[in-house]
Amino acid sequence: MQAFRSTARLASQFRPTGLPRYARGYSSAKSYEYEHLLVSTPKPGVGFIQLNRPKALNALSTPLILEVNQALREFQADKQIGAIVLTGSEKAFAAGADIKEMKDLTFSDAYGNDFIEAWSDLVTFLKKPLITAINGYALGGGCELAMMGDIMYAGPKAVFGQPEIKLGVIPGAGGSQRLTKAIGKSRAMETILTGDNISAKQAGEWGLVAKVFETPEECVDGALATAEKIASYSQVAVKACKDVVNKSQDLGIREGVEYERRVFHGLFGSQDQKIGMAAFAAKQKPEWKNQ
């Protein structure tokens, strides 16, 4: 990974060049500063990551993905953080993968070195909820990264798509799998085989995103508000909720219900279950221990 730059240098280099309003004024509270990201904690319990390659429309490259994984690991390890928001700019969440990085690869290079395997790392280690706030283009790898979020929000001009067919390849970071689960086989097949885009309106109607907002700022603000709300709950219960919903994607209904019940029973061994139910019975606000 490339060397990290200081906060002052990062701020002086990028902030005057037209970052969206929602990116300004968020003070960093992390131990690293990044070359391709802006990382901060804008609300209590909320981690915020903004992709920041403006000249490349946030095109995804290995250095950027490694930084995203590093930032997510930092937030994962931070006990004060209960939920995370990932976004890009108003013009592009991520316009795709950096084709310059991959155009000359051979099969031996790609297969032998597990090219883009790190792009899927976050979905295997991240236990805290991730909300992706999408404005502008989310194409190819950008669409795949957006779909790795547990909740997806979109601005009015968000554009989704898997146009890899136009480059003679296929989605390689989970696009064919997650898109099919989200919108169904027929729509996913049409999108991937034609390379056509999905508008924000279609994404909302098809269930690809949870909500479409009227402005880019409202999209990010909405994601932050949802993250803050999630972060106000027991982290033990939140982790369990994410676990059982994700299991629904892998298990049949009978096995999934049985798994859910086991996790439900297990939560009766947590302090937060006792705190939450006692507070409810007493009509008081629970003070979570996250244990």
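All values below come from the heavy atoms of this structure, side chains included, with hydrogens, waters and symmetry mates left out. Please read all numbers here as calculations on a predicted model, not as lab measurements. Each residue takes its place number in the sequence, starting with 1.
Using a distance-only test at 3.5 Å, with no hydrogens or angles considered, a donor-acceptor pair links the side chain of Asn58 to the main chain of Arg53. For the pair Lys285 (side chain) and Ala279 (backbone), a donor-acceptor distance under 3.5 Å is absent. The main-chain N or O of Leu224 is never found under 3.5 Å from a side-chain atom of Lys43 such that the two would form a donor-acceptor pair. Side-chain N or O atoms of Lys181 include one that pairs as donor or acceptor with a backbone N or O of Gln249 at under 3.5 Å. The backbone N or O of Phe268 sits less than 3.5 Å from a side-chain atom of Lys274, completing a donor-acceptor pair. Side-chain N or O atoms of Gln271 include none that pairs as donor or acceptor with a backbone N or O of Lys289 at under 3.5 Å. Judged purely by atom type and a 3.5 angstrom limit, Gln162 has no side-chain atom pairing as donor or acceptor with the backbone of Pro171. The backbone N or O of Lys79 lies less than 3.5 Å from a partner atom in the side chain of Gln235, making a donor-acceptor pair. Looking at Gln76, its side chain does come within 3.5 Å of a backbone N or O of Lys127 through a donor-acceptor pair. Side-chain atoms of Asp196 never come within 3.5 Å of backbone atoms of Thr191 as a donor-acceptor pair (strictly under, hydrogens ignored).
A pairwise comparison of heavy atoms in Ile183 and Ala188 identifies CD1-N, 3.7 Å as the closest pair. Listed here is the closest heavy atom pair of Thr132 and Ala146: OG1-O, 2.9 Å. Minimum heavy-atom separation, Phe93 to Ala138: CD2-CB, 4.2 Å. Listed here is the closest heavy atom pair of Ala94 and Leu60: CB-CD2, 3.8 Å. Closest heavy-atom contact between Ser270 and Val236: CB-CG1, 4.3 Å. Closest approach of Ala92 to Leu57, counting heavy atoms only: CB-O, 3.5 Å.
Donor-acceptor pairing under 3.5 Å is lacking for the side chains of Tyr233 and Asp272. There is a side-chain donor-acceptor pair under 3.5 Å between Thr226 and Tyr153.
In this structure, Asp150 pairs ionically with Lys242, as a charged nitrogen and a carboxylate oxygen lie closer than 4.0 Å.
One hydrophobic cluster, built from ILVMFWY side chains closer than 4.5 Å, cannot hold both Tyr137 and Ile198; they sit in different ones. Both Met152 and Val68 belong to a single network of hydrophobic side chains, linked directly or stepwise wherever heavy atoms of I, L, V, M, F, W or Y lie under 4.5 Å apart. Two different hydrophobic clusters hold Val169 and Tyr111 under the rule that ILVMFWY side chains link at heavy-atom gaps under 4.5 Å.
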Step by step, work out the side chain to side chain contact (heavy atoms under 4.5 Å, CB included) result for Val39 and Phe75. CA-CA 10 Å; Val39 180; Phe75 284 135; 3.6 Å; yes
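Between Ile275 atom CD1 and Gln273 atom CD the span is 9.5 Å, to the nearest 0.5 Å. Rounding to the nearest 0.5 Å places CG of Leu66 at 11.0 Å from OH of Tyr34. Separating the CG atom in Leu179 from the CD atom in Gln177 is a distance of 10.0 Å, to the nearest 0.5 Å.
Screening Leu38, Thr87, Leu64 against Leu51 for a side chain to side chain contact (heavy atoms under 4.5 Å, CB included) leaves a single residue, Leu64.
Within a 6.0 Å radius of CD1 in Ile170, no more than 12 heavy atoms belonging to other residues, nucleotides or ligands are found.
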